[in-house]
Amino acid sequence: LDGEITLAKFANLGSDGQVMTSTGSSSPPAFEAAAAGGKLLQVVNIQAGATASNTGVMYMDDTIPQIGEGAEFMSLAITPAHASNILEITVYAEHSCNANTHNIFGFLFAVGTSNALAGMIYTQEIGNYMGIISFKHRMAAGGTSAITFKYRAGALGGTTRFNGNNDGRRAGGTCASSITIKEISA
């Protein structure tokens, strides 16, 4: 080797679908077939900038939140390509509550199930203060029929506001909440 790295030297190496891999510190790299799985197959997203409020209650205990607790603020469906693929769901939601020292709960549900899949709790020290709930959940698709995911939120009491505070929406709807679902091959 002459010590120069040029595109021309790599032009005849490897083929479509191959990746460069290390063969050790004293030998040149090799081109091999890419590992199966881990490829991003599809992405669906909903972004909501509108404000909404509800007095639905969620509880601070050691039970899994149920689909009837709180209020629904966003939903999104995906139709997986294969049952063994992985779904990665990311939720980002902005909330406030008009009462002081209330926990605001945000949880993800799949239609047809009662138990929450994942979620977070945000503690608001000052009433009407806007805060973020953000989390990620990974699961096997489990089938090829459409799956609808719902984001529900609530507090121990008072009014829970989505994308704003008691005074209403802030920043003209640009402070938007979202759900993003990625399907990744198994």
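Note that this is a predicted model, so its numbers are computed, not measured.
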Donor + acceptor pair across side chains of Asn103, Gln124 (<3.5 Å):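 Distance-only check fails for Asn103 and Gln124.
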
Within-4.5 Å side-chain heavy-atom neighbours: Asn115 and Thr113: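 SC-SC contact between Asn115 and Thr113 ruled out.
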
Connected via hydrophobic side-chain network under 4.5 Å: Phe107 and Met60: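 Phe107 and Met60: one cluster.
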
Closest non-hydrogen atom pair between Ser75 and Thr148, with its separation: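 Scanning both residues completely, I find the closest heavy atoms to be CB-CG2, 4.3 Å.
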
Audit row: Ile104, Ile133, side-chain contact (heavy atoms from CB on, under 4.5 Å) steps and yes/no: CA-CA 9 Å; Ile104 301 172; Ile133 292 176; 4.0 Å; yes

Nearest atoms (heavy-atom pairs only) where Arg152 meets Gly70: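 Scanning both residues completely, I find the closest heavy atoms to be NH2-O, 3.0 Å.
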
N/O donor-acceptor pair under 3.5 Å between Ser185 side chain and Gly38 backbone: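 Side chain of Ser185 to backbone of Gly38: a pair is present.
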
Nearest heavy-atom neighbours spanning Asn85 and Glu183: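 In this case the closest contact between Asn85 and Glu183 is ND2-OE2, 2.8 Å.
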
Heavy-atom side-chain contact between Asn165 and Arg170 under 4.5 Å: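 They are in contact (side-chain heavy atoms under 4.5 Å apart), so the answer is yes.
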
Donor-acceptor contact below 3.5 Å, side chain Thr51 vs main chain Phe162: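 Yes: the side chain of Thr51 pairs with the backbone of Phe162.
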
side-chain contact (heavy atoms from CB on, under 4.5 Å) assessment of Leu87 paired with Ile147: CA-CA 10 Å; Leu87 300 179; Ile147 305 168; 3.9 Å; yes

Min side-chain heavy-atom separation Phe149-Met74 under 4.5 Å: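 Not touching, per the 4.5 Å side-chain cut-off.
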
Candidate pair His95 and Phe73, rule ring pair (Phe, Tyr, Trp, His ring centres under 6.0 Å), full reasoning: CA-CA 11 Å; His95 286 286; Phe73 289 101; 5.6 Å; yes

Taking every non-hydrogen atom, the tightest pair across Tyr122 and Ile132: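 Answer, listing the atom of Tyr122 first, then Ile132: CD1-O, 4.2 Å.
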
Taking every non-hydrogen atom, the tightest pair across Ser134 and Met120: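 Smallest heavy-atom distance, with atoms named: O-CG, 3.5 Å.
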
Short side-chain to backbone donor-acceptor contact, Asn128 and Asn98, under 3.5 Å: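 Checked: no pair found.
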
4.5 Å side-chain heavy-atom contact, Phe105 and Leu156: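 Of all side-chain heavy-atom pairs linking Leu156 with Phe105, at least one is under 4.5 Å.
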
ILVMFWY network linking Ile64 to Leu108, side-chain heavy atoms under 4.5 angstrom: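 Shared cluster, no.
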
Distance (rounded to the nearest 0.5 Å) between Asn45 CG and Thr90 OG1: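 Between Asn45 CG and Thr90 OG1, I get 9.5 Å after rounding to 0.5 Å.
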
Criterion side-chain contact (heavy atoms from CB on, under 4.5 Å) on Lys182 and Gln42, from CA distance to verdict: CA-CA 6 Å; Lys182 297 176 183 177; Gln42 68 171 310; over 6 Å; no

Same apolar cluster: Tyr92 and Leu76, side chain cutoff 4.5 Å: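 No, separate clusters.
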
Validation row: Ile179, Ile89 side chains within 4.5 angstrom (heavy atoms):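 Ile179 vs Ile89: side chains touch.
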
Minimum side-chain heavy-atom gap Ile184-Glu88 below 4.5 Å: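 Side chain of Ile184 against side chain of Glu88, heavy atoms only: contact under 4.5 Å found.
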
side-chain hydrogen bond (donor to acceptor under 3.5 Å, both in side chains), paired with Asn163, selected from Ser96, Ser53, Ser177: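 Among Ser96, Ser53, Ser177, the one meeting side-chain hydrogen bond (donor to acceptor under 3.5 Å, both in side chains) with Asn163 is Ser177.
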
Side-chain heavy atoms of Pro65 within contact of Phe109, under 4.5 Å: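 Yes, their side chains come closer than 4.5 Å.
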
Straight-line distance of Glu94 CD to Arg169 CZ, nearest 0.5 Å: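 It is 12.0 Å, given to the nearest 0.5 Å.
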
Over all atoms of both residues, closest heavy-atom pair of Arg161 and Asn166: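 Of all heavy-atom pairs spanning Arg161 and Asn166, the closest is NH2-O, 4.0 Å.
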
Listed partners of Lys150 passing side chain to side chain donor-acceptor pair (under 3.5 Å), at least two apart: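 Lys150 satisfies side chain to side chain donor-acceptor pair (under 3.5 Å) with Glu72 only.
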
ILVMFWY cluster, Val43 and Ile86 together (side-chain gap under 4.5 Å):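 Same cluster.
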
Hphob cluster co-occupancy, Leu117 + Tyr151, side-chain heavy atoms under 4.5 angstrom: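 Yes, it is one cluster - the side chains of Leu117 and Tyr151 are joined through contacts under 4.5 Å.
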
